[in-house]
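What follows is a set of notes on a single structure, which appears directly below.
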Amino acid sequence: MRVAVLSDMHGNATALEAVLLELDSQLVDHIVCLGDMVGYGARPGLCVRLVREYSDAVIRGNHDRAVLRPEEAGSFNDAAAAALEWTRARLTDDEYAYLSSLPASRHHPGMLLCHGAPSDPGRYISGLRQAATEFARFTETVCLFGHTHVPACIHAPRGEHAFADCDATHPSPGRPVGLRRDLRYLLNPGSVGQPRDLDSRAAFMVVDTGTSSATLRRVPYDVGAEQARMAAEGLPARLIQRLAVGV
Ligand code: ZN
């Protein structure tokens, strides 16, 4: 089974459409989405509709939740809060209903899907120290997570283990990382719509349970076209500029 893992498209339908086009040649059996379809980009409604149409399993992210519950946007920075406010006025009732129907986490055969961390959808796993305590919070072989917008492949031995037993493999685009039977994994596909690893290309991951591997994919898309859409909508300049750099 080949599973395409998409996360954090953030209203950037230009990037999401490029990824979906690329998936035509990837021969995947399932597409799963780890949330944050909205917030930041110029076409949040289209992102919601595309994810809904093409994904087999979807969970909500913190932005998807905050767009439904404004009182939870308190921790957002000014640009994120402004983009969320703009987004809130543009989603249809149908898109709201879909977002509010999504769970915070869910199971897919052999995998757990979560947005930030198994222990908390809003927690950032940005290194081994945060990851180490999370392995005890799920029972599946693989936990898929997003939220940081940085691809990651972190592993730990099955069963009880010390912090020193956790390690990470840097995922390089197009190069499969073998998934060992004696290990469990926390895998992050990076972000479709707002990468933050100094690579502006859209990111996603393919997990192949047949060959026991995970492969990061990068897809170039028309960043300038998305920036022009955002500028035309009056979205914050900082959010527009960062797309070109991947921060
Ligand atoms: Zn996000």
Side-chain angles (χ1 to χ4, degrees), residues 6-22 33-51 60-92 95-96 98-99 115-116 121-127 145-152 173 188-204 216-247:
L6 278 52
S7 191
D8 294 277
M9 38 292 299
H10 279 294
N12 185 346
T14 315
L16 178 56
E17 284 171 332
V19 165
L20 292 173
L21 205 63
E22 170 71 14
C33 170
L34 308 180
D36 273 4
M37 286 155 269
V38 307
Y40 301 138
R43 288 183 290 175
L46 181 55
C47 284
V48 172
R49 295 196 300 279
L50 288 172
V51 166
R60 65 161 187 249
N62 57 313
H63 287 250
D64 305 324
R65 186 176 163 92
V67 83
L68 298 164
R69 299 174 185 226
E71 68 276 13
E72 292 187 12
S75 60
F76 283 36
N77 62 45
D78 288 350
L84 201 74
E85 201 55 47
W86 178 90
T87 299
R88 193 170 287 128
R90 277 153 187 88
L91 295 179
T92 65
E95 289 153 4
Y96 270 110
Y98 176 67
L99 290 180
H115 184 67
R123 184 170 191 229
Y124 288 91
I125 302 178
S126 44
F145 72 102
H147 196 40
T148 64
H149 300 204
V150 176
N188 188 326
S191 168
V192 169
Q194 196 200 69
R196 295 178 189 165
D197 59 342
L198 299 176
D199 185 334
S200 63
R201 296 175 296 174
F204 71 98
L216 177 68
R217 297 278 169 191
R218 299 307 287 244
V219 183
Y221 71 96
D222 193 341
V223 174
E226 180 62 23
Q227 290 177 311
R229 284 182 184 276
M230 292 171 74
E233 298 290 355
L235 284 158
R238 181 170 158 252
L239 298 179
I240 297 171
Q241 288 154 6
R242 68 189 302 176
L243 288 186
V245 193
V247 292

- Message: Within the supplied structure, the quantity of interest is the number of heavy atoms (other residues, nucleotides, ligands) at a distance under 6.0 Å from D78 CG; does it exceed 12?
- Response: no
- Message: Does any part of the side chain of Y96, heavy atoms only, come nearer than 4.5 Å to the side chain of R88, both counted from C-beta?
- Response: yes
- Item | Charged N-O contact under 4.0 Å between R49 and E95 | yes
- Item | Residues in side-chain hydrogen bond (donor to acceptor under 3.5 Å, both in side chains) contact with D64, at least two apart in sequence or another chain | none
- Task: If a pair satisfies side chain to side chain donor-acceptor pair (under 3.5 Å) and one of its residues is in residues 223-239, list it, with sequence neighbours excluded.
- Result: T14-E226
- Task: Evaluate the side-chain proximity of S7 to V192: yes if any heavy-atom separation is below 4.5 Å, no if none is.
- Result: no
- Does any non-hydrogen side-chain atom of N12 lie less than 4.5 Å from one of Q194? no
- V38 backbone acceptor or donor facing T87 side chain under 3.5 Å: no
- Task: Could you grab the distance from atom OH of Y40 to atom SG of C47, nearest 0.5 Å is fine?
- Result: 14.0 Å
- Kindly write out the residues that satisfy salt bridge (Lys or Arg N to Asp or Glu O under 4.0 Å) with R43, not counting sequence neighbours, or none if the list is empty. E17
- Note on the structure: The salt bridge (Lys or Arg N to Asp or Glu O under 4.0 Å) partners of D197 (sequence neighbours excluded) come to R218
- Quick one: list whatever passes ring pair (Phe, Tyr, Trp, His ring centres under 6.0 Å) with H147, sequence neighbours left out. H115, Y124
- Message: Going by the rule salt bridge (Lys or Arg N to Asp or Glu O under 4.0 Å), which residues pair with R242 if we only count those two or more places apart in sequence or in a different chain?
- Response: none
